[in-house]
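Start at 1 and go down the list; that is how both ligands and their atoms are numbered. Numbering starts at 1 and runs along the sequence shown.
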Amino acid sequence: MEEVQTKPREYFIVYPMVLIMTYWHIGAMYGLYLLCFNSVKWATLLLNFLLYVATCWGIGAGTHRLFCHRAYKANYPLQVLLMLFHTFGCQSTVINWARDHRLHHKYTDTDADPYNSKRGFFYSHIGWLLVKKHPELIEKGKTIDLSDLYENPVLSFQKKYYVALSLLLAFILPSLIPVIFWQEALINSYHLSLARIVIGSHFVFSINSVAHIFGNKPYDKDISPTTNVTLSVLTFGEGYHNYHHVFPFDYRTSEFGNNYLNFSTKFIDFCAWIGWAYDLKHVSDDIIEKRAKKTGDGSDLWGRVQTKTKG
Ligand SMILES: [Zn+2]
Ligand SMILES: [Zn+2]
């Protein structure tokens with residue numbers, strides 16, 4: 001595919017973001033140091049692990065699959081829960097996240113793609129957050145339909161109170177709960193929260209960088225997104241990125257819906273079972289198989305074979 005570049009790619013650094021990110025990373029590394037050498041209580045570690053699980057569901061099952069791609073529908077209690085889970089991760093508002101991601105799908109690997117992988121690994125991973133947006137991205141950003149997101153009262157509420165909400169849910173409560181309930185040192189709980197947020201963010205960033213560079217392309221060999229099983233484990237099922245770019249409306253974001261690596265799919269299935277999620281969209285095995293044969297790179301992943309032999 002020929003690369004279309006309408007305007008020069010200039011790098012105007014956004015210094016406040018560079019400062020915030022530098023502080024976050026130093027704080028996160030200090031958190032890991034404390035974890036190893038400052039006798040962090042196991043309950044604090046467990047709390048942060050559970051918050052990480054919730055963040056994966058909030059961003060994967062919520063922001064990505066529900067709010068951005070509308071791959072299924074959810075009642076208000078589930079929407080509120082997923083919005084709160086998303087906020088634990090401190091990755092901007094659901095509306096901003098979904099806007100960037102819709103642009104990413106519509107204009108993949110062009111200058112209107114916020115995390116354009118044609119600009120290299122670092123840019124698509126985290127660099128895009130540290131510089132001003134490309135003019136093409138600003139222009140195309142105005143044309144993308146976000147009415148469903150702005151009309152959603154849960155998401156509007158989050159956007160309106162985002163600063164207070166994210167400070168409370170991502171930092172203040174995870175820092176104070178261990179201090180109040182099991183006498184953890186504040187220095188431990190605070191820096192461990194930072195480590196959780198930074199590590200979780202890097203896993204999500206890796207979908208835009210690693211999963212657009214390394215891995216197989218079983219469904220479309222002519223696009224940059226790949227399948228990366230390691231990332232799928234770490235992000236609860238978001239690493240089947242080649243499949244996802246081919247069938248973005250599939251609520252499983254992967255062809256193997258009952259796979260144990262895809263915890264976000266399990267979560268959505270559970271929510272459907274209790275009646276909180278409904279109208280789950282997915283692609284039939286037959287269509288998946290045909291598409292793989294037609295445009296795939298021939299890599300026969302175990303998941304697809306497993307699905308076939310099972311059926
Ligand atoms: Zn992508
Ligand atoms: Zn997507």
Side-chain angles (χ1 to χ4, degrees), residues 1 3 55-72 74 82 86 89 91-129 134 137 140-141 144-146 148-149 155 201-232 234-255 257 262 264-265 267-268 280-283 288 295 297:
M1 208 188 340
E3 194 178 339
T55 306
C56 279
W57 283 336
I59 289 173
T63 307
H64 186 213
R65 305 185 196 186
L66 173 66
F67 295 120
C68 180
H69 288 297
R70 290 180 284 186
Y72 65 100
L82 289 167
H86 167 105
Q91 286 189 28
S92 186
T93 63
V94 171
I95 292 178
N96 285 357
W97 201 107
R99 175 204 61 210
D100 287 347
H101 195 72
R102 282 183 185 175
L103 279 160
H104 169 65
H105 273 270
K106 193 167 180 189
Y107 302 106
T108 310
D109 293 339
T110 71
D111 285 323
D113 175 354
Y115 8 94
N116 180 4
S117 71
K118 288 261 163 57
R119 295 179 74 169
F121 183 92
F122 183 78
Y123 184 88
S124 62
H125 189 77
I126 193 172
W128 64 281
L129 287 166
H134 190 280
L137 171 58
K140 291 288 192 298
I144 205 118
D145 184 15
L146 303 171
D148 57 314
L149 304 173
L155 305 188
S201 297
H202 275 292
F203 290 158
V204 173
F205 295 160
S206 296
I207 303 293
N208 304 325
S209 56
V210 178
H212 270 265
I213 298 173
F214 308 108
N216 299 328
K217 299 178 182 179
Y219 303 99
D220 193 336
K221 60 183 183 312
D222 297 320
I223 58 175
S224 69
T226 64
T227 294
N228 193 302
V229 176
T230 310
L231 267 184
S232 278
L234 297 173
T235 59
F236 289 14
E238 299 294 320
Y240 309 103
H241 211 50
N242 191 256
Y243 179 86
H244 175 59
H245 270 262
V246 175
F247 302 111
F249 48 86
D250 191 324
Y251 85 98
R252 307 168 302 179
T253 72
S254 81
E255 73 280 27
N262 200 330
S264 288
T265 298
F267 176 80
I268 298 167
L280 279 54
K281 295 179 201 157
H282 69 91
V283 185
I288 294 168
T295 55
D297 66 359

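Of the options Asn262, Ile59, Thr253, a side chain to side chain contact (heavy atoms under 4.5 Å, CB included) to Glu238 is made by Thr253 and by none of the others.
A ring-centre distance under 6.0 Å is found for His104 and His245. Aromatic rings from Phe205 and His202 are positioned such that their centres are separated by under 6.0 Å.
Using a 4.0 Å cut-off between charged side-chain N and carboxylate O, Asp148 and Arg102 make a salt bridge.
Using a cut-off of 2.8 Å, one finds that Cys68 contributes no N/O/S atom close to the Zn ion (ligand 2). Look at His245 and the Zn ion (ligand 2): no N/O/S atom of the residue is under 2.8 Å from the metal. Taking 2.8 Å as the criterion, His104 does not count as a coordinating residue of the Zn ion (ligand 2), since none of its N, O or S atoms falls below it.
Ring geometry for Phe249 versus Phe247: interplanar angle over 60°, hence perpendicular rather than tilted (30 to 60°).
Seen from the Zn ion (ligand 2), atom NE2 of His244 and atom NE2 of His64 lie 90° apart in angle, a value rounded to 10°.
His105 has its closest N, O or S atom to the Zn ion (ligand 2) at the position named NE2. Per residue His69, closest N, O or S atom to the Zn ion (ligand 2): atom name NE2.
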